[in-house]
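Shown next, in structure tokens, is the structure this report addresses.
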Amino acid sequence: MPAPDDRSAGQARAAIQAALASIGFCLPGSIVIRRTRCGKPRCACKADPPALHGPYIQWTRTVKGKTVTRTLTQAQYDAYASWFANARALRALAAELERLSLGEMARAEGWAKITPGTPAPPRTRPVRAPNHPKTPKTPGDPLA
């Protein structure tokens, strides 16, 4: 792993690490606060303006490939709202670290100097031989 030559990249990484160290508990998923109408014809939710039912606080997340939704009380939401905020901050910091890492790799490999219209960098893998089994055959090829 090449060391970053740019001090600002190192400082940015250190700032991200410090922010990561300060994050507490995290809860995955998303929160939706809904107000709904019911099916009763004479309910206040059918009035003009409607008095909708709720608020219903729903926490949705994925567990073993399945979507799981749980309804939270206002007290539960108030208690864990900072944990949901921590999860959002964690995702943002991870995305920033990935962006910084991609930039540093491009700089270290010299890819940052490539601009549209310039030749591509040399291949990192060798080109397949003409008689390689995965190479497409030409129409006049007897093996086609």
Side-chain angles (χ1 to χ4, degrees), residues 1-139 144:
M1 171 191 285
D5 290 338
D6 190 13
R7 287 189 75 92
S8 65
Q11 291 169 344
R13 185 177 54 83
I16 292 170
Q17 285 176 326
L20 285 170
S22 68
I23 290 181
F25 287 112
C26 298
L27 285 173
S30 60
I31 292 287
V32 176
I33 300 174
R34 294 196 164 122
R35 293 183 168 273
T36 62
R37 296 178 194 262
C38 69
K40 297 178 184 175
R42 295 186 183 169
C43 184
C45 67
K46 302 283 196 265
D48 187 25
L52 299 177
H53 300 282
Y56 299 108
I57 304 167
Q58 295 177 324
W59 170 34
T60 304
R61 61 193 176 109
T62 303
V63 177
K64 296 182 182 177
K66 303 285 184 182
T67 301
V68 177
T69 300
R70 183 168 291 218
T71 302
L72 302 178
T73 65
Q74 186 65 47
Q76 289 171 324
Y77 176 69
D78 293 340
Y80 300 111
S82 64
W83 294 15
F84 292 110
N86 286 344
R88 284 191 299 277
L90 179 63
R91 286 191 296 271
L93 287 169
E96 179 62 21
L97 185 59
E98 286 176 356
R99 186 198 62 75
L100 182 65
S101 299
L102 285 169
E104 279 302 296
M105 180 186 183
R107 187 201 50 77
E109 295 297 324
W111 296 338
K113 296 177 184 130
I114 296 174
T115 57
T118 60
R123 290 177 157 277
T124 56
R125 292 186 299 157
V127 179
R128 292 187 189 142
N131 51 359
H132 189 275
K134 289 188 178 179
T135 303
K137 306 292 183 203
T138 58

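On a predicted model such as this, the values are computed, not experimentally measured, just so you know.
For the pair Tyr80 and Trp59, the minimum side-chain heavy-atom distance is 4.5 Å or more.
Residue pairs meeting the salt bridge (charged side-chain N to carboxylate O under 4.0 Å, His left out) criterion with at least one partner in residues 57-80, sequence neighbours excluded, do not occur; the list is empty. Under the salt bridge (charged side-chain N to carboxylate O under 4.0 Å, His left out) criterion, the residue pairs touching residues 86-98 are Glu96-Arg99, with sequence neighbours excluded.
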Report all side-chain donor-acceptor pairs from residues 19-39 shorter than 3.5 Å, counting only partners two or more places apart or in another chain.
unit_1, atom_1, unit_2, atom_2, d
Ser22, OG, Ala19, O, 2.8
Arg34, NH1, Gln58, OE1, 2.4
Arg35, NH1, Gly54, O, 3.4
Arg37, NH1, Cys45, O, 2.8

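When all heavy atoms of Arg13 and Leu100 are compared, the pair lying nearest together is N-CD2, 3.6 Å.
For Phe84, the CZ atom sits in a packed shell: over 12 heavy atoms of surrounding residues, nucleotides or ligands are nearer than 6.0 Å.
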